[in-house]
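For reference, the structure is listed below as structure tokens.
Counting begins at 1 with the first residue of the sequence.
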Amino acid sequence: MTRRREFNPDSYYHVIMRGNNRQPIFRTKEDMHELKRAFLYVHQRYPFTILAWCFMTNHYHILIKPKQDSLSKIMSLVNRRYSHYYGKRYRHIGRIYQKRFFAKEVASPHGLLVVSSYIHRNPIQTTQPMVKRLSHYPYSSFPFYWNEDLPAPPFLDRYFLSTLLPAPLEQNNAAYCQYCLKYTQKAEEDKHVEELAPPEM
């Protein structure tokens, strides 16, 4: 019997979802856009807030807080919707995910800064960086912090993290971006291997 996981409705969670056998399941820009559409679709029905996300080729990270419904329900619907798309597009039969999603509660302001920065730094933390500049990686929330003129998806709150920056840092997105760029972070997660290849830009 599988034990039901309990989640604190007042907390953010660092969520990671990986492809089965660590294989790439987000191979192209169309796949990345479809994953984002899955989050948009579920958000319209079961609202949530995301502070940071990064979609890689064989896994994705999000820092998420549900507003009313359970995290399990939200993640199940997102992953089911993308799995249906993937199976139809690639004529794939069987599961595409390694296992249920990993989720770690992030309960402190400092923790939110560390985990969000860790998520945003994923494209340059691989053995071979995927981009020279984080602002150039299109499958992450970092560009929306870097350029506030970009229209952000409705589930992204890109102003809360900057309010958590400690003195003497200014509390704005420019300072938050510099925080991400300056400090290498570590965050607890399930064990994994490096990316197999960069996603199609």
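The closest donor-acceptor contact from the side chain of S140 to the backbone of Y137 lies at 3.5 Å or more, if one exists at all. In this structure a side-chain-to-backbone donor-acceptor pair under 3.5 Å is missing from R158 to L51. Listed for the T163 side chain is a donor-acceptor partner under 3.5 Å among the backbone atoms of F160. Under the 3.5 Å distance criterion, the side-chain polar atoms of N58 are matched with a main-chain donor or acceptor of R22. With hydrogens and angles disregarded, no donor-acceptor distance shorter than 3.5 Å links the side chain of R91 to the backbone of G87. Side chain of N79 to main chain of M75: a donor-acceptor pair is present (N/O by atom type, distance under 3.5 Å, no hydrogens or angles).
For the pair Y13/L71, a side-chain contact is recorded, criterion being any heavy-atom separation below 4.5 Å from C-beta on. For the pair S11 and V106, the minimum side-chain heavy-atom distance is 4.5 Å or more. Annotation: side chain of N122 is not in contact with side chain of M130 (no heavy-atom distance under 4.5 Å). For the pair P123/C54, a side-chain contact is recorded, criterion being any heavy-atom separation below 4.5 Å from C-beta on. Side-chain contact check for T57 versus F26: every heavy-atom pair is 4.5 Å or farther apart. Counting only heavy atoms from C-beta outward, the side chains of H59 and M17 never approach each other to under 4.5 Å. No side-chain heavy atom of P66 sits less than 4.5 Å from a side-chain heavy atom of Y46. In this structure, the side chains of L113 and P166 come closer than 4.5 Å at one or more pairs of heavy atoms.
Applying the 6.0 Å contact sphere to CZ of R133 captures no more than 12 heavy atoms from other residues, nucleotides or ligands. Within 6.0 Å of NE2 in H84 there are 12 or fewer heavy atoms belonging to other residues, nucleotides or ligands.
Here the options are F101, F39, Y139, the test is ring-ring contact (aromatic ring centres under 6.0 Å, His included), and the partner is Y60; only F39 passes. Each of I119, V114, I62, L112 was scored for a side chain to side chain contact (heavy atoms under 4.5 Å, CB included) with H14, with one residue passing: I119.
With sequence neighbours left out, the side-chain contact (heavy atoms from CB on, under 4.5 Å) criterion links S108 to H110.
No cation-pi contact links R100 to Y97, judged by a cut-off of 6.0 Å to the six-membered ring centre and 45° from its axis.
Applying the salt bridge (charged side-chain N to carboxylate O under 4.0 Å, His left out) test to residues at least two apart or on different chains, the pairs with a partner in residues 66-88 are D69-K73. Among pairs with a residue in residues 166-176, those fulfilling side-chain hydrogen bond (donor to acceptor under 3.5 Å, both in side chains) read S116-Y176, H120-Y176, E148-N173, E170-N172, at least two apart in sequence or across chains.
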Trace of the side chain to side chain contact (heavy atoms under 4.5 Å, CB included) decision for Y145 with L161: CA-CA 10 Å; Y145 286 89; L161 286 171; 3.4 Å; yes

Pair L134-I124, side chain to side chain contact (heavy atoms under 4.5 Å, CB included): steps then yes or no: CA-CA 7 Å; L134 282 183; I124 61 172; 3.7 Å; yes

Stepwise side chain to side chain contact (heavy atoms under 4.5 Å, CB included) check, Y179 with S117: CA-CA 8 Å; Y179 173 88; S117 178; 3.9 Å; yes

Intermediate values then yes/no, side chain to side chain contact (heavy atoms under 4.5 Å, CB included), I96 and Y90: CA-CA 11 Å; I96 66 170; Y90 296 105; over 6 Å; no

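From Q68, atom CD reaches atom CZ of R45 across 14.5 Å, with rounding to the nearest 0.5 Å. The structure places CG of L165 at 11.0 Å from CD of Q178, a figure rounded to the nearest 0.5 Å. In this structure, the separation between NE2 on H43 and CD1 on I64 is 9.0 Å, given to the nearest 0.5 Å.
A centroid separation of less than 6.0 Å is found between the aromatic rings of W53 and F144. Side-chain rings of Y82 and Y85 approach one another, their centers coming within less than 6.0 Å.
L150 and F155 fall within the same hydrophobic cluster, defined by Ile, Leu, Val, Met, Phe, Trp and Tyr side-chain heavy atoms under 4.5 Å apart, directly or through other members.
For T28 and R89, the side-chain atoms include at least one donor-acceptor pair closer than 3.5 Å.
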